[in-house]
Amino acid sequence: MFEKGKRERRQSEEDKVFNRMLFWLAGAVVVELLLLLLQKACVDMIWGGVLAKGLLTFFQVFAVAGAVITVGCIAWAVVFARSGKPVLLPAAIAAASAALWVVSLVCRFVYPDGVRVLTMLPAAAAVLIVIFFLYQRPFFYSAFLTGGGLLAVWLYGRYYMNHPRAITACFVGGLVVLAASAALCFLLKKNDGRLGGLRVLPAGSDYLMGWITCGVTALAMVLCLALGLAATRYLLYALAAWLFAQAVFFTVKMV
């Protein structure tokens with residue numbers, strides 16, 4: 001009887017996790033549809049140039065206003081959190097503003113190629129969502145960093161000649177994120193997976209894979225900048241192979 005109740009509780013928890021995963025995947029589909037509509041309106045201009053011009057003007061304004069709104073909502077959420085109030089509303093507005101701000105920056109500085117690149121991101125996000133819910137948390141973080149490196153190297157090979165400053169800025173930002181991630185691994189290891197009062201990784205997690213991922217991804221990005229366009233294809237293969245190796249490693253750990 002006890003074993004039956006235990007199985008039922010486990011099945012109930014698995015159903016909840018599966019439903020949450022479906023919810024996030026549905027969100028990725030909705031975002032993909034919105035981005036496709038944006039491409040049709042601003043790049044293909046199937047609804048006329050007036051609408052496209054209006055949208056691009058809005059994005060120019062929101063490229064500045066979005067940063068202010070996002071920071072303000074984050075401060076709002078921090079105040080609510082300290083006072084014990086629910087932070088769902090300010091956090092949701094901050095997330096939506098941040099996403100729209102990123103779209104505005106892309107439409108302002110990397111138009112029109114950036115709009116086409118944006119339509120690829122929900123598919124990558126869907127893969128990360130599946131990893132988040134089905135695998136251990138360390139694999140999600142490593143896959144996120146490796147995927148970012150893959151995107152950066154692909155962007156370099158495809159769009160560097162047209163947008164050298166924007167691509168270089170992406171690489172600089174990516175290297176900063178990798179350095180911060182490696183430092184964060186040391187901090188989490190010291191505090192057994194906690195960052196302040198927040199549990200980021202399970203207790204007793206192995207951080208070696210995270211450090212290796214930061215090193216491999218950073219090395220690939222630096223080599224891409226140093227060797228130029230001729231090396232991008234081989235570096236993409238190398239990062240894809242590393243991502244596959246991680247998938248095999250964490251799948252074996254689950255067995």
Side-chain angles (χ1 to χ4, degrees), residues 28 31 35 63 66-67 70-71 74 94-95 98-111 113-129 131-132 137-188 195 200-201 207-247:
V31 172
L35 290 174
T70 301
V71 172
I74 291 174
L100 187 56
W101 177 60
V102 171
V103 173
S104 300
L105 290 177
V106 170
C107 290
R108 180 177 179 181
F109 296 108
V110 201
Y111 179 84
D113 295 325
V115 180
R116 298 188 180 97
V117 173
L118 284 175
T119 59
M120 300 170 54
L121 298 184
V127 175
L128 291 174
I129 289 169
I131 292 174
F132 179 84
R137 197 68 56 84
F139 182 33
F140 169 75
Y141 294 127
S142 294
F144 177 81
L145 294 174
T146 309
L150 278 165
L151 177 62
V153 174
W154 180 81
L155 288 174
Y156 186 94
R158 185 71 180 270
Y159 296 112
Y160 181 79
M161 299 302 295
N162 295 329
H163 308 283
R165 292 183 180 179
I167 300 301
T168 302
C170 289
F171 268 71
V172 172
L175 291 172
V176 170
V177 169
L178 289 170
S181 299
L184 181 61
C185 283
F186 282 103
L187 186 60
L188 291 174
L195 186 62
V200 179
L201 290 174
Y207 296 89
L208 179 61
M209 188 64 73
W211 287 320
I212 295 175
T213 296
C214 290
V216 169
T217 307
L219 178 61
M221 293 174 67
V222 170
L223 288 175
C224 185
L225 290 174
L227 300 177
L229 297 174
T232 55
R233 178 182 300 180
Y234 305 103
L235 293 172
L236 284 173
Y237 291 156
L239 286 175
W242 174 243
L243 184 59
F244 177 75
Q246 291 178 77

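Just so you know, residue 1 is the first one in the sequence shown, and it goes up from there. Please read all numbers here as calculations on a predicted model, not as lab measurements. Atoms considered below: every heavy atom in the structure, side chains included; atoms not considered: hydrogens, waters and symmetry mates.
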*Asks:* Not counting sequence neighbours, list each pair that qualifies as a side chain to side chain donor-acceptor pair (under 3.5 Å) and has a residue in residues 223-239.
*Replies:* none
*Asks:* Apply ring pair (Phe, Tyr, Trp, His ring centres under 6.0 Å) to Y141 and list each qualifying residue two or more places apart in sequence or on a separate chain.
*Replies:*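 Not a single residue meets the ring pair (Phe, Tyr, Trp, His ring centres under 6.0 Å) criterion with Y141.
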*Asks:* State, with a plain yes or no, whether a side-chain heavy atom of L235 is found less than 4.5 Å away from one of Y156.
*Replies:* no
*Asks:* Test: side chain to side chain donor-acceptor pair (under 3.5 Å). Region: residues 161-183. Which pairs qualify, not counting sequence neighbours?
*Replies:* D113-H163
*Asks:* Would one find more than 12 heavy atoms of other residues, nucleotides or ligands at under 6.0 Å from atom OH of Y111?
*Replies:*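 Atom OH in Y111 is packed in, count exceeds 12.
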*Asks:* Kindly determine whether V106 and V103 satisfy side chain to side chain contact (heavy atoms under 4.5 Å, CB included), including the steps that lead there.
*Replies:* CA-CA 5 Å; V106 170; V103 173; 5.8 Å; no
*Asks:* List for me each residue that meets ring pair (Phe, Tyr, Trp, His ring centres under 6.0 Å) alongside W154, sequence neighbours excluded, and say none if there are none.
*Replies:* Y159
*Asks:* With sequence neighbours left out, write down each residue that passes side chain to side chain contact (heavy atoms under 4.5 Å, CB included) with V216, or none if nothing qualifies.
*Replies:* I212, L239, W242
*Asks:* For F186, which residues count as a ring pair (Phe, Tyr, Trp, His ring centres under 6.0 Å) partner, sequence neighbours excluded?
*Replies:* W211
*Asks:* Between M161 and L229, is the side chain to side chain contact (heavy atoms under 4.5 Å, CB included) condition met? List the steps.
*Replies:* CA-CA 9 Å; M161 299 302 295; L229 297 174; 3.9 Å; yes
*Asks:* Please find the pair of heavy atoms, one from T217 and one from T146, that lie closest to each other, and give the distance.
*Replies:*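 Taking T217 first and T146 second, the nearest heavy atoms are OG1-CA, 3.9 Å.
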*Asks:* Might you point out which heavy atoms bring C214 and A182 nearest each other, and give the distance in Å?
*Replies:* SG-N, 3.8 Å
*Asks:* Just how far is it from atom CZ of F139 to atom CD1 of I131, taken to the nearest 0.5 Å?
*Replies:*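 Interatomic distance, F139 CZ to I131 CD1, rounded to 0.5 Å: 4.0 Å.
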*Asks:* For S104, what residues pass the side-chain hydrogen bond (donor to acceptor under 3.5 Å, both in side chains) criterion, not counting sequence neighbours?
*Replies:* none
*Asks:* C170: what forms a side chain to side chain contact (heavy atoms under 4.5 Å, CB included) with it, not counting sequence neighbours?
*Replies:*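 Per chain and number, C170 pairs via side chain to side chain contact (heavy atoms under 4.5 Å, CB included) with no residue.
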*Asks:* With sequence neighbours left out, what residues match A98 under side chain to side chain contact (heavy atoms under 4.5 Å, CB included)?
*Replies:*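 Per chain and number, A98 pairs via side chain to side chain contact (heavy atoms under 4.5 Å, CB included) with T70.
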*Asks:* Could you pull out all residues at least two apart from F140 that satisfy ring pair (Phe, Tyr, Trp, His ring centres under 6.0 Å)?
*Replies:* F132
*Asks:* Answer yes or no: does atom OH of Y207 have more than 12 heavy-atom neighbours from other residues, nucleotides or ligands under 6.0 Å?
*Replies:*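 Atom OH in Y207 is packed in, count exceeds 12.
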*Asks:* Passes side chain to side chain contact (heavy atoms under 4.5 Å, CB included), V222 versus L175? Steps please.
*Replies:* CA-CA 9 Å; V222 170; L175 291 172; 4.2 Å; yes
*Asks:* What distance do L225 atom CG and I167 atom CD1 have between them, rounded to the nearest 0.5 Å?
*Replies:*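 Between L225 CG and I167 CD1, I get 10.5 Å after rounding to 0.5 Å.
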*Asks:* Closest approach of V153 and C224, non-hydrogen atoms and distance?
*Replies:* CG1-SG, 4.2 Å
*Asks:* If you look at every heavy atom in L150 and A240, which pair is closest and at what distance?
*Replies:*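 That would be CD2-N, 3.8 Å.
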*Asks:* Quick one: closest heavy-atom pair of M221 and G149, and the distance?
*Replies:* SD-CA, 4.3 Å
*Asks:* Looking only at heavy atoms, what is the nearest atom pair of G210 and S142, with distance?
*Replies:*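 Shortest heavy-atom separation between G210 and S142 comes out as CA-OG, 4.0 Å.
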*Asks:* Among residues at least two apart in sequence or on other chains, which ones pass side chain to side chain contact (heavy atoms under 4.5 Å, CB included) with F109?
*Replies:* L105
*Asks:* Quick one: are V31 and L121 in side-chain contact, heavy atoms under 4.5 Å?
*Replies:* no
